[in-house]
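Below, all heavy atoms of this structure are taken into account, side chains as well, without hydrogens, waters or symmetry copies. Per chain, numbering begins at 1; letters A, B, ... match sequence-line order.
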Number of protein chains: 2
Amino acid sequence: MTDRPYHHGNLRAALLAQAKRALREQGLDGLSLRELARQVGVSHAAPRRHFADRQALLDALAESGWERLGAEVRAAAARAGADYEARLCAAARAYVRFATRDAALLEVMFAGGQGRQVAPLQEAAARAFSVLVELIKDGQASGVLERGDPERMALLLFATTQGIAALVNAGIVAPKRLDRLVSDASARFLRGSRTLA
Amino acid sequence: MTDRPYHHGNLRAALLAQAKRALREQGLDGLSLRELARQVGVSHAAPRRHFADRQALLDALAESGWERLGAEVRAAAARAGADYEARLCAAARAYVRFATRDAALLEVMFAGGQGRQVAPLQEAAARAFSVLVELIKDGQASGVLERGDPERMALLLFATTQGIAALVNAGIVAPKRLDRLVSDASARFLRGSRTLA
DNA sequence: ACCTGAACACCGTTCAAGT
DNA sequence: ACCTGAACACCGTTCAAGT
């Protein structure tokens with residue numbers, strides 16, 4: 001930190017932090033390993049010690065993205081209080097908020113497939129998904145939601161919120177229509193899955 | 001066509017056709033203008049006459065992708081016959097089928113936003129979306145679906161199918177779970193939007 | 001009107017060599 | 001154990017010049 005020592009000290013963390021910034025400001029196409037190295041003040045070959053290639057850095061970004069997404073959705077649901085519809089809506093809102101504010105990061109998170117199978121990444125995504133599964137189980141326990149495989153139901157919720165975010169990020173749906181769309185989705189999901197009184 | 005004349009004749013169409021192949025085989029990252037030119041047998045600067053830059057070619061691909069998606073969904077619904085749930089399910093199935101078979105093309109189609117606003121592209125997406133709107137209106141006309149803004153309802157259907165495709169393409173959901181997921185989504189959408197008898 | 005060839009400024013990746 | 005510098009093979013984009 002004093003005078004640019006030969007060893008950066010925590011190059012890996014510095015690269016990841018800078019990459020997150022660049023992703024927000026320039027998008028995925030604008031993310032270059034060489035520029036990252038430049039901005040962090042290190043030679044263009046230095047990142048190689050910490051990330052085998054560009055994709056390895058993207059995988060690391062995706063993994064931490066899934067962690068943060070799961071945490072934000074869980075926190076939003078917890079903050080929303082006791083009413084189940086409010087919690088469901090808050091969770092969905094937190095998801096699309098994350099997904100539309102960090103659109104490029106979401107892109108990286110969803111580029112996981114493509115032939116490759118990266119175990120730590122899949123597991124991180126599964127942990128985020130489990131937040132939704134727990135939410136469904138709560139609804140079932142409190143009698144608001146019908147019985148049935150909670151994973152199957154959570155998958156529909158996941159898909160719907162992800163789809164809404166994709167439509168907005170693609171410019172197909174205007175951002176100002178986002179809130180009502182999320183409310184619609186929550187209400188309809190609840191109505192389609194509510195215990196038949 | 002005889003002996004590689006100086007003028008290719010229909011370079012634009014040839015580039016687009018080759019690009020579609022490359023997209024399927026190599027993915028979006030593997031799509032290079034220079035390689036396309038090589039494969040078509042033309043100098044690397046020739047595409048410039050027909051596409052201002054790489055993005056312009058991607059926009060053209062996206063536009064024709066939306067046209068084809070709309071046509072396939074419409075055709076699938078028509079083929080499904082009279083039962084409304086079957087038509088809804090067939091439409092959703094056609095969407096995710098397209099989206100998972102041409103995952104890279106879907107990526108291009110959904111990369112539309114990102115600051116840019118490309119009018120012909122937005123209009124092509126809107127035309128594809130209108131197929132779903134018509135499907136909703138049919139459901140309302142036949143009394144299966146409740147009244148209400150058909151665009152709002154179609155948007156939810158659009159988001160859900162797109163989200164399901166994204167989950168599969170990202171490797172988060174196994175392809176073999178696709179069919180049941182689509183059935184679940186259709187059934188639940190219908191149940192959440194059915195006229196209360 | 002359409003295409004070529006050379007040139008420019010960028011990449012990601014590799015590898016011997018330095019500290 | 002970590003980083004540098006030069007090198008390689010690729011890009012997209014531009015522009016004068018050719019047919």
*Quick one: which residue pairs count as a ring-ring contact (aromatic ring centres under 6.0 Å, His included) with a foot in residues 46-83 of chain A, not counting sequence neighbours?*
A/W66-A/F110

*Does A/S32 make a side-chain N or O approach to OP1 or OP2 of C/dC11 shorter than 4.0 Å?*
yes

Side-chain atoms of residues 170-181 of chain A: list all donor-acceptor pairs with protein atoms under 3.5 Å, sequence neighbours left out, distances to 0.1 Å.
unit_1: A/D179; atom_1: OD1; unit_2: A/R93; atom_2: NH1; d: 3.4

*Side-chain donor-acceptor pair under 3.5 Å between B/Q122 and B/Q117, yes or no?*
yes

_DNA chain C-proximal residues of residues 47-61 of chain B, any heavy atom under 4.0 Å_ = B/R49, B/H50

Let me check something: any side-chain donor-acceptor pairs from residues 76-90 of chain B under 3.5 Å, sequence neighbours excluded? List them with distances.
unit_1: B/D83; atom_1: OD2; unit_2: B/A86; atom_2: N; d: 3.1
unit_1: B/Y84; atom_1: OH; unit_2: B/L135; atom_2: O; d: 2.6
unit_1: B/R87; atom_1: NH2; unit_2: B/D138; atom_2: OD2; d: 2.9

_Donor-acceptor contact present, side-chain A/R54 to main-chain A/L31, <3.5 Å_ = yes

*So, B/E72 and B/Y95: side-chain donor and acceptor under 3.5 Å apart, yes or no?*
no

*asked:* Taking Watson-Crick (N1-N3 plus N6-O4 or O6-N4) and G-U wobble (N1-O2, O6-N3), each under 3.5 Å, can you produce the dot-bracket string of DNA chain C? Use [ ] for crossing pairs and | for inter-strand ones.
replied: ||.|||||...|||||.||

_Side chain of B/A45 - closest among C/dC11, C/dG5, D/dT4_ = C/dG5

_Given DNA chain D, 5'-ward residue of the pair A/R34 and A/A46, judged by closest heavy atom_ = A/A46

*Side chain of A/R38 - closest among C/dC11, D/dC3, D/dT13*: C/dC11

*With a 4.5 Å limit on heavy-atom distance, are the side chains of A/R194 and A/V144 in contact?*
yes

*All ring pair (Phe, Tyr, Trp, His ring centres under 6.0 Å) counterparts of B/F129, not counting sequence neighbours*: B/F158

*Select from B/H44 and B/N10 the residue whose nearest nucleotide in DNA chain C is closer to the 5' end of that strand.*
B/N10

*Side chain of A/L33 only, please: which of C/dG12, D/dC11, C/dT4 is the nearest?*
C/dG12

*asked:* Nearest to the side chain of A/L11, heavy atoms from C-beta on, is which of D/dC3, C/dT4, D/dT4?
replied: D/dC3

*Please confirm whether the backbone N or O of A/A52 pairs with a side-chain atom of A/R48, one donor and one acceptor, at under 3.5 Å?*
yes

*May I have the distance from B/D29 (atom CG) to C/dG12 (atom P), rounded to whole angstrom?*
12 Å

*Among C/dT4, C/dG12, C/dC11, the nucleotide that comes nearest once only the side chain of A/E35 is considered*: C/dC11

